[in-house]
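Note that these values count all heavy atoms, side chains included, but never hydrogens, waters or copies made by symmetry. Note that the structure is a prediction, hence the values are computed from the model and not measured.
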Amino acid sequence: MRIPAGRRERLTRLLSSPWGRGAAALAAGALPALAFPAPGLWWFAYAALVPWLLLIRTAATGRRAVLDGWLGGIGFLLAVHHWLVPNLHVFILLLAALLGLLWAPWGWLVRAMLGGTPSAARATAAIAVVPSGWLTVELVRSWEGLGGPWGLLGASQWQVEPALRLASVGGVWLVSLLVVAVNTAVVVLLTVPVARVPAVAGVCACAMAAGAVWLWAPRPERPGDVARVAVVQPGVINGLGGAERRFARSEELTGALAGQRLDLVVWGESSVGVDLAARPDFAARVAAVSRAVGAEVLVNVDARRSDRPGIFKSSVLVGPGGPTGDRYDKMRLVPFGEYVPARALLGWVTSVGEAAGEDRRRGSRQVVLELADGASGSGLRVGPLVCFESAFPDMSRRLVRGGAQLLVAQSATSTFQESWAPAQHASLAALRAAETGRPMVHATLTGVSAVYGPDGEPLGDRLGTDAGTAAVYEIPLARGTTPYVRFGDWPVYGTLAVLAALCAAEGLRALRRPGPPADLRKPGSGTPGPPARTAHGSAARPER
């Protein structure tokens, strides 16, 4: 498509201005957020990076490309996490600026591969190198201390069946690689005429790989066993005595499930605000509803423990006789939400936002909970996760390797009730289910609650943020091991190998680069010397 001359001139003038180019980089980096819930334009992910890539490749210098990468990273983080603004206020700008630096080297890499007039070979290599650089950024920022793996580009494909099949082979990492590879191939197709055939071949290869995995990758074996699980979502309950009234509402909704032949009832995160060991009256109330429905209740306790110092968030199993002794203490805490990193240095953020006033304590190991024999017969093995732990692929993988038949995430996103956050969080369960070949329950206090089958397919109705109810789901169980569970994060190692090969190739090219002409070298030396002065010239008056 040919751009009219007037519009092209205005665009050139805009991009030649440092401020205009910076604004364009921020906007281009923010575009991929539209592929995530709530907009959910999953198909847009395959072109969302194109404007950003096109901008970076036109950078006049490597330094400008680094700046374009950094500013685009800021735009991406602000767009994907905009719902944190009411809690972190201006502090989110500082966080985005710091984490956005992760995309600065990626900007340099994009220009190095696609800038100027690249050869067909270099443009073709970019289809592998640029996605590898992007995945390295995702890997680094997935560290818990940097906020965790929220907003991985591959997570935008949670409702696309072929993408979920890819996730079963290489996790969300493989899906991210595919998405960025398609974006890069589109840029090559648009800007490098000599590499259009390889670009088209690259897009076709991505499509064929996804199709092949969809058709032939091993699927979880479904022997026909079904677990009946109830999700209790009390809804928004605020004001004086909110914790007690929320508990009472959960108690009421659970009691109404009597006669449903359940295997498990799941309450959301922080559904119990007292330590059950220190408050036997609350433990007795949960045990009473467990007897009424004939199933154990998985609650989540957010309280100071009586047997050790500090506040823990814990998944606790309660049966007809009271707490069973099985519990999981949350291991990966939300930065600023549940603890303040380097509190001695950053404790001031509690005065400008809603950061944790006291750090929560973290658990030391993951736990698989084994239920008593329920309606489905033999005891069900449940792998609990709390809140944003469902964003970490390695945690659900480890639970399944430990024998979990059902994954359960207990969450509470009521702070962000009117934002995109609840839908984004619920969508992560589909990916974890597909990666592991195990069904997953995402249970919240106020929505969105959702359940997904072993292939990541939705089961039953989602409980939205306007619902205060309980719902029963028939969940098919599965056996077998997905390639991702068996082999782990192999796409990450593949990208590191690609980048290592690039560095080796550039190093060899530098060694083979010819030196300066012999007449510019000092006698007896391999280094060039300064030009000799003559009677006709000097430093002050050349060519005299």
Side-chain angles (χ1 to χ4, degrees), residues 36 77 80-81 84 99 102 135-158 164 166-177 269 300 312-315 328-339 341 360 362-369 382-402 404 406-413 421-422 424-444 450 452 456 482 484-493 495:
F36 294 89
L77 291 169
V80 174
H81 299 87
L84 286 171
L99 293 178
L102 294 173
L135 194 66
T136 303
V137 175
E138 290 199 335
L139 177 66
V140 174
R141 77 180 183 89
S142 294
W143 179 49
E144 174 199 350
L146 294 180
W150 192 285
L152 302 183
L153 198 56
S156 66
Q157 306 301 294
W158 66 277
L164 292 175
L166 278 175
S168 74
V169 173
V172 67
W173 313 113
L174 186 58
V175 184
S176 284
L177 277 176
E269 180 188 11
N300 188 268
F312 288 80
K313 282 192 175 180
S314 306
S315 299
Y328 164 66
D329 297 324
K330 185 178 183 182
M331 296 173 60
R332 295 184 180 172
L333 305 177
V334 179
F336 300 100
E338 293 170 335
Y339 78 104
R360 299 298 193 267
R362 63 184 74 235
S364 58
R365 64 186 181 91
Q366 290 188 260
V367 178
V368 176
L369 310 176
V382 175
L385 299 165
V386 182
C387 191
F388 95 139
E389 288 182 332
S390 66
F392 291 86
D394 65 302
M395 296 194 74
S396 53
R397 175 174 173 261
R398 194 175 297 118
L399 286 170
V400 171
R401 290 176 68 91
L406 174 68
L407 300 173
V408 175
Q410 296 171 293
S411 179
T413 51
Q424 284 185 20
H425 199 178
S427 70
L428 296 175
L431 283 162
R432 303 292 87 84
E435 287 170 343
T436 61
R438 296 294 183 269
M440 184 162 184
V441 174
H442 180 82
T444 73
Y452 300 94
T482 64
Y484 177 67
V485 169
R486 179 173 300 166
F487 301 114
D489 300 328
W490 62 266
V492 171
Y493 305 125
T495 61

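Although no hydrogens or angles enter the test, the distance criterion places a donor-acceptor pair under 3.5 Å between the side chain of Arg401 and the main chain of Val485. The backbone N or O of Glu269 sits nowhere less than 3.5 Å from a side-chain atom of Gln410 that would complete a donor-acceptor pair. Between the side chain of Ser390 and the backbone N or O of Ala429, no donor-acceptor pair lies under 3.5 Å. Looking only at distances, no side-chain donor or acceptor of Ser314 sits under 3.5 Å from a matching main-chain atom of Asp329. Checking side-chain atoms of Arg141 against main-chain N and O of Trp150 turns up a donor-acceptor pair under 3.5 Å. For Glu389 (side chain) and Met395 (main-chain N/O), no donor-acceptor pair under 3.5 Å exists by modelled atom type.
With contacts defined as side-chain heavy-atom distances shorter than 4.5 Å, the pair Leu399/Val368 qualifies. At a threshold of 4.5 Å between non-hydrogen side-chain atoms, the residues Trp173 and Leu152 count as touching. Side-chain contact check for Met440 versus Leu385: some heavy-atom pair is nearer than 4.5 Å. When side chains are defined from C-beta on, Leu333 does not count as touching Phe388, because their heavy atoms never get closer than 4.5 Å. Side-chain contact between Lys330 and Cys387: present, with at least one pair of heavy atoms (C-beta onward) separated by less than 4.5 Å. Put simply, the side chain of Thr444 reaches to within 4.5 Å of the side chain of His442, judged on heavy atoms.
A cation-pi geometry, defined here as NZ or CZ lying under 6.0 Å from the six-membered ring centre and within 45° of its normal, does not hold between Arg360 and Phe312.
Counting all heavy atoms, side chain and backbone alike, Ser142 lies closest to Pro149 at OG-CB, 3.3 Å. Across every non-hydrogen atom of Leu164 and Gly456, the tightest pair is CD1-O, 3.8 Å. Residues Arg432 and Leu407 come closest through the heavy atom pair O-CD1, 4.3 Å. Taking all atoms of both residues into account, the shortest heavy-atom contact from Asp394 to Tyr484 is N-OH, 4.2 Å. Across all non-hydrogen atoms, the minimal contact from Ser315 to Asn300 is OG-ND2, 3.7 Å. The heavy-atom pair separating Trp158 from Ala430 by the smallest distance is O-CB, 3.8 Å.
Of the inter-residue distances, the one linking Leu99 atom CG with Leu77 atom CG reads 5.5 Å to the nearest 0.5 angstrom. Leu431 contributes atom CG, which lies 11.0 Å from atom CG of Leu166 (distance to the nearest 0.5 angstrom). Here the OG1 atom belonging to Thr136 is positioned 11.0 Å from the CG atom belonging to Leu102, to the nearest 0.5 angstrom. To the nearest 0.5 angstrom, Phe36 atom CZ is 8.5 Å from Gln157 atom CD. Of the inter-residue distances, the one linking Asp489 atom CG with Leu174 atom CG reads 11.0 Å to the nearest 0.5 angstrom.
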Side chain to side chain contact (heavy atoms under 4.5 Å, CB included) between Leu406 and Val441, worked out: CA-CA 8 Å; Leu406 174 68; Val441 174; 4.1 Å; yes
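A side-chain donor from one of His425 and Ser411 sits under 3.5 Å from a side-chain acceptor of the other.
Glu338 and Lys313 are joined by a salt bridge, as a carboxylate oxygen and a charged side-chain nitrogen come within less than 4.0 angstrom of each other.
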